[in-house]
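For reference, the structure is listed below as structure tokens.
Chain letters run A, B, ... following the sequence lines, proteins first and then strands; every chain starts at 1.
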Amino acid sequence: MRFNVPCYSLICLAIPFSSLLLQGCMLATQQDMVRLNTELNKNQADLITKMSDLNGTLQALNSQLESSQERMTTLSQKLEDLQANMDRRMNVLSGQVTGTSAPAASSPGDVYRLAYNDYQAGKFDLAIVGFRNFVADFSKNDLAPQAQFYIAECEYARKHYSDAAREYDRVVQAHPRSDYAPKALFKKGVALQQAGKGEDAEKTFRRLVKEYPRHELAKSAKDVLKASE
Amino acid sequence: MSLKLLNKSSLTWGFCLVVFLAGPFVHAADVYLGLQAYGGSGKSLGVGLLRFGAVTSNPETGALVDLLRSIVREDLLFSRYFNMVEGGPDLASGRLDSVAWGSLGAQVVITGDVKLQGAAVTLRCRIMDVATGKILYEKEGDASREAARRLAHLLSDQLIFQLSGQPGLAHTRIAFANNQTRHKEIYVMDYDGANVVRLTFDRSISLLPEWSPDGKAIAFNSYKAQNPDAYILDFPGGGTVHQLSMRQGLNTGPHWSPDGATLAVTLSKGSDPDIYLIDRHGRILRRLTQAQGIDTSPTFSPNGQQIAFISDRSGNPELYVMDTTGAHVQRLTYGQWVDSPAWSPKGGLIAYERQRSQGQYDIYVIDPSGQNNQALTEGNARNENPSWSPDGRFIVFASNRNGRRQLFIMGADGSDPHQVGNVPGSCFDPSWGP
């Protein structure tokens, strides 16, 4: 019995202690869980931030790539112009030597620039003539898809939406691999919408999503389709 | 000058337009076409400016004569169309000393008469042919004393149009933000810096004013509702303000399409700022940019088919051009911090500001295909917020080159930059009205 009293007291003491201990353990576990949860959230946030950073970097790289392509087009255009100028000068020289007159020819860059200036000045009729000449005379030139795209842009600006849709379609048909093809498809869709041809517009947007799924305009086309549902 | 006075001026001018004009009527283009004989060689037309005469003899008329002549003189000089000549003999009994003015290099001379009766000012201007001494053109206008400056400006534009065949700028105004009250408010002034009139009284931050193409409204931003919102202010109209866009987050940089029916605006709506097309009632017509990053500062091309804007999608804020659906985007600048694009009314150039180094910004122009990038200003200062004159021959911008930030005008090629007006406080975001 002598031992029982302290035993009993010990037990009596132990129960609240153990419950305290248990509580303490539970609290610790809870704290661990909260900590874990916080860490998990933090990791998740870090991941999201990293993803977003990566997305941003990817977009910046994409944008730089596109810009490089545009600059390449400009440079190659300048090269072609130089070549054309050189040819012209050679013709003039050979004409002077042989006494024949050299044919007057404009460089592709000059023809394109004149048409583009007309477009900028809002002289859409003149610009269409200029861009058509460019497409007819320099169909293999790097600027040919762009020139055909601007013919359509001029028709769009004149609010001739059905004509514009037809001209945008020509970009896609003639230059399906150009970056202007998905742009032209999107604008064809918008032009058809403006012309009141909703079903055709929808078909065009669907075609864009199907044929150029990775192009950023595919997302815009999806948004338009979603809005019209 | 108060807004009331401004309204009064405009009304008075409306009245004087009705009362107008006496003397031999000449068709607008005839004088200019007739003068082509002189101007064919590409040299500027020699224009002599005589002293103006006083029809009434009260002492106040004298001061008014000097004021009105100096305004016409400055307007003609500003236009840069003419080779101005002064100092020749006055008319003798209405006759011109053709030999004396001819030897000074004048092919035509301009004379003026001023009448002051009560509060009404009458100014009559004539263009005379030096070779024949005949009157080629004559025009008269009335206005109240307060509107005398405007009267002179409007007559200057008539003279400039007759002599050059081009519309003048003397009647135009410039809207801007200014902080002289320790708050940023919207103001307008005449293109020569006179007649500064305050338009907003919000005791908040109002900025980025932008004239509508018809000159009857100014779109601007204000924080008066504790958020960067977009508003439209009637002009003159007693400063009535309409809400344009009050969405959550940014509603900045409303810029009018050339037909005045739509505006391009930056909206963040709690996310990345993007560019949207909205109508005059603020309804969203189309979202134009989708890219990650900030897309801002839209400005329409004069053909209404393109929008230049700033985006940091490549890492830095750079200048881009897109069509009005956002499908066809082209990047124009590479490498440095740029902002505030403004498309020339003639279409061939986009002006913008570019950071050269810390605290140093310069105005550049580039053509819309990304070629021919060139600096128009060069100096150890902040040269910012370019805005074109309606004829595309001049650019107004804000600069702190003389200390306080004031407005400056230069030629479209960067020539002859000079301060316009001297407004207390600092001036920001000029917009040259039609």
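The residue among B/G347, B/P302, B/G348, B/G315 with the most heavy atom pairs within less than 4.5 Å of chain A is B/G347. Of all the listed residues (B/P345, B/A291, B/G326, B/G370), the one sharing the greatest number of non-hydrogen pairs under 4.5 Å with chain A is B/A291.
Applying the side chain to side chain contact (heavy atoms under 4.5 Å, CB included) test to A/M33 and every residue at least two apart in sequence or in another chain returns nothing. Take B/S340 and apply the side chain to side chain contact (heavy atoms under 4.5 Å, CB included) test, not counting sequence neighbours, and it matches B/E353, B/N385, B/P386. In this structure, the side chain to side chain contact (heavy atoms under 4.5 Å, CB included) partners of B/S357, at least two apart in sequence or on a different chain, are B/Q360.
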Chain B and chain A: which donor-acceptor pairs fall below 3.5 Å?
| unit_1 | atom_1 | unit_2 | atom_2 | d |
| --- | --- | --- | --- | --- |
| B/Q292 | N | A/Q59 | OE1 | 2.9 |
| B/Q292 | O | A/Q59 | NE2 | 2.8 |
| B/Q292 | OE1 | A/G56 | N | 3.4 |
| B/N303 | ND2 | A/Y119 | O | 2.7 |
| B/Q306 | OE1 | A/Q120 | NE2 | 2.8 |
| B/D323 | OD2 | A/K187 | NZ | 2.7 |
| B/H328 | ND1 | A/K183 | NZ | 3.1 |
| B/H328 | NE2 | A/Y150 | OH | 3.3 |

